[in-house]
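Counting starts at 1 for both ligands and their atoms, following the listed order.
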Amino acid sequence: MDYPNLVAVLLAVAVLASLPAPSQQVKSGDMVVSGSGSESGFDKWVALNQQSYVVNAALYAKKAAGDGGKTLDANLSSAEAAKVTYVVDPKGKGDYTNITEALDAVPVGNTKRVILDLKPGEYREKLFINSSKPFVTFRSDPMDPAVIVWNDTAATLGKEGKPVGTVGSTTVAIESDYFVASGVVFKNDAPLAKPGAKGGQAVALRVFGTKAALYNCTIVGGQDTLYDHKGLHYFKDCVIKGSVDFIFGFGRSLYEGCTIVSVVKEVAVLTAQQRTKTIEGAIESGFSFKNCTIKGEGQIYLGRAWGDSSRVIYAFTEMGKEVVPVGWDGWNIAKPESSGIYYGEFKCTGAGSDARKRVGWALELTDEQAKPFIGTHYVFGDSWLTSPPSDT
Ligand SMILES: *[C@@H]1O[C@H](CO)[C@@H](O)[C@H](O)[C@H]1NC(C)=O
Ligand SMILES: *[C@@H]1O[C@H](CO)[C@@H](O)[C@H](O)[C@H]1NC(C)=O
Ligand SMILES: *[C@@H]1O[C@H](CO)[C@@H](O)[C@H](O)[C@H]1NC(C)=O
Ligand SMILES: *[C@@H]1O[C@H](CO)[C@@H](O)[C@H](O)[C@H]1NC(C)=O
Ligand SMILES: *[C@@H]1O[C@H](CO)[C@@H](O)[C@H](O)[C@H]1NC(C)=O
Ligand SMILES: *[C@@H]1O[C@H](CO)[C@@H](O)[C@H](O)[C@H]1NC(C)=O
C-alpha cells in the first residue's frame, strides 16, 4: 500500500477546508459483561449473550459464521473448556522469558485457549501469529502492562534489501482467528514521519484473523497505527493513538468505549476504511465507533475514503474541537456522493460534532439507520465474544 504525498495532499485539503476550529439488563444492542472467568460465569455470559441475540435476531444476517450466530461457535466452546496458561516473565520467573518463545510453543493446529500471562515490562519483539495457531490470548495488567514494541517503518530494509512496506512494518501481526488481548500495550516507536515523507507508515498492530477481541489495550504509533485488516473485530475500552490514517483496513469492527487520540500538530485522519467492491468480502466491512472519545493536538478528519464504498459510523461519541467541521474527505474518489461511501454520525456530542457543517454526502443517521451498527450484533458477537480474561 502506497500513500504518495499523502500528507501534502491532506495539508492542501485542510487549508481549503479550514474553517474556524470548531448494566446487566439485556437490551437491544447492549453488550453484557459478566467479568467472571469461572466456568459458571462463562456459561452465564453465553446465556446472556444468547438472550441478547434473541432480542436482536432481526438484525442478524445469515452471513455470520456457523449457524448464523445463534450459539457460541463449537470450536471456540471446546477451546475455552480446555484452557492452558503459559507465564511469560522477562525477569525469568515464568515458563518463558519472551513472547516469541511462548508463541513457538503453541502447537500448529492448536485447539485449546492458550493464555499468555504477560508479566509487566517491555518486550522488544516483532511478533507474527501464524493462522495455524488460533485461540491465543495475551493477558496483562492494564495498570502495569506488558508493552510490546518494535520500530520498523515501511521504508525499513528487509532481508533482501528491499523496503518492508506497510504490512512488513508491523510490530504485532495476528493472522490467526479467535485472538484475545487484555491490558496489553502494542507499540511502534519509530520516529514520527515528517509531513509528506515517504515510507513513514509504522504499524503497531495488524489484525488479519477473524473473531478477535481486545479489551483495555493501548495501540500506539504514528502513521497507520492500527491495521484493522480483515475479519470481525471488537475493541472495548482501548486507547488508540496515531497520526495519518491511523485506523485503516477492511475489518468489520466495533470500537466501544475507546479513546482515540491524534498525536500530531498538523492534520490527522482517524480512519481510512477500505470497504470496496473490488476486494472479495471487503463489501461486508466497516468501522463502527460507539461511545468513544476523540481528541488530540492538530486538526482531525473523521475519515477519508480508501475504498470506493468506505463505511464508518460514529455513535454516542464525544468529539473534541479538533475535529474539522467538514468532518470527512473523499480522498481519491471523484464523486463521493454516488460511489457507495457511507459515513454517518448518530447522537455524538462535543465541539467537533456539529453535523450541520459536514460535507454534503455525510449522513446524520436516524434511529433505524443507526441500529445495525451500535451493538455487538454488528460483529455477530454473540457467536464468539466471550467474557474478558480475568486476572486469575
Ligand atoms: C472447526 O474446526 C474444524 C477443524 O479444525 C474446522 O474444519 C472447522 O472449519 C471449524 N469450524 C469453524 C466454524 O471455524
Ligand atoms: C527469547 O528467549 C530465548 C531463550 O532465552 C532466546 O534464545 C531468544 O533469543 C529470545 N528472543 C527474543 C526475540 O528476545
Ligand atoms: C504458517 O505455519 C505453517 C505451518 O507450520 C507454515 O506452513 C506456513 O508457511 C506459515 N505461514 C507463514 C506466513 O509463516
Ligand atoms: C530501531 O531501534 C534500534 C535499537 O533499538 C535502532 O538501532 C534503530 O536505529 C531504530 N530504527 C529506526 C528506524 O528508528
Ligand atoms: C479495564 O481495566 C480496569 C482496571 O484494571 C478494570 O477495572 C476494567 O474492568 C477493565 N475493563 C475491561 C473491559 O477489561
Ligand atoms: C459509555 O461509556 C461509559 C464509561 O466508559 C459508560 O458509563 C456508559 O454507560 C456508556 N454509554 C453507552 C451509551 O454505552
Sub-4.0 Å protein heavy atom next to atom 7 (O) of ligand 2: no
Between CG on residue Leu127 and CZ on residue Phe138, distance to nearest 0.5 Å: 5.5 Å
Side-chain H-bond candidate by donor/acceptor type, Tyr178 with Asp73, under 3.5 Å: yes
Interfacing atoms of ligand 3 (cut-off 4.0 Å, heavy-atom, Asn130): 1 (C), 2 (O), 3 (C), 8 (C), 10 (C), 11 (N), 12 (C), 14 (O)
Under 3.5 Å: N/O of Asn98 near N/O of ligand 2: yes
Proximal ligand 2 atoms for Thr97, defined as those under 4.0 Å from one of its heavy atoms: 2 (O), 5 (O)
Phe248 and Trp306 aromatic ring geometry - parallel, tilted or perpendicular at 30°/60° bounds: tilted
Taking atom 13 (C) of ligand 2 as the reference point, the nearest protein heavy atom with its distance: Thr100 OG1, 3.7 Å
Where at least one partner belongs to residues 122-133, residue pairs that pass salt bridge (Lys or Arg N to Asp or Glu O under 4.0 Å), sequence neighbours excluded: Glu122-Arg124, Arg124-Asp189, Lys126-Asp152
CA sep, side-chain torsions, deciding dist, call: Phe289, Ile294, side chain to side chain contact (heavy atoms under 4.5 Å, CB included): CA-CA 10 Å; Phe289 295 86; Ile294 298 172; over 6 Å; no
Ligand 3 N/O within reach of Glu175 N/O, cut-off under 3.5 Å: no
Atom 4 (C) of ligand 2 - nearest protein heavy atom and its distance: Glu101 OE2, 3.5 Å
Pair Asp228, Tyr255: side-chain N/O donor-acceptor within cut-off below 3.5 Å: yes
Taking atom 5 (O) of ligand 3 as the reference point, the nearest protein heavy atom with its distance: Val108 CG2, 3.9 Å
Under 4.0 Å to a heavy atom of Ser132 - the qualifying atoms of ligand 3, by number: 2 (O)
Mutual orientation of the aromatic rings belonging to Trp328 and Tyr314 [parallel < 30°, tilted 30-60°, perpendicular > 60°]: tilted
Geometric N/O contact Asp73 with ligand 1, under 3.5 angstrom: no
Residues Gln273 and Ser285: side-chain donor-acceptor under 3.5 angstrom: yes
Within-cutoff protein neighbour (heavy atom, under 4.0 Å) for atom 2 (O) of ligand 3: yes
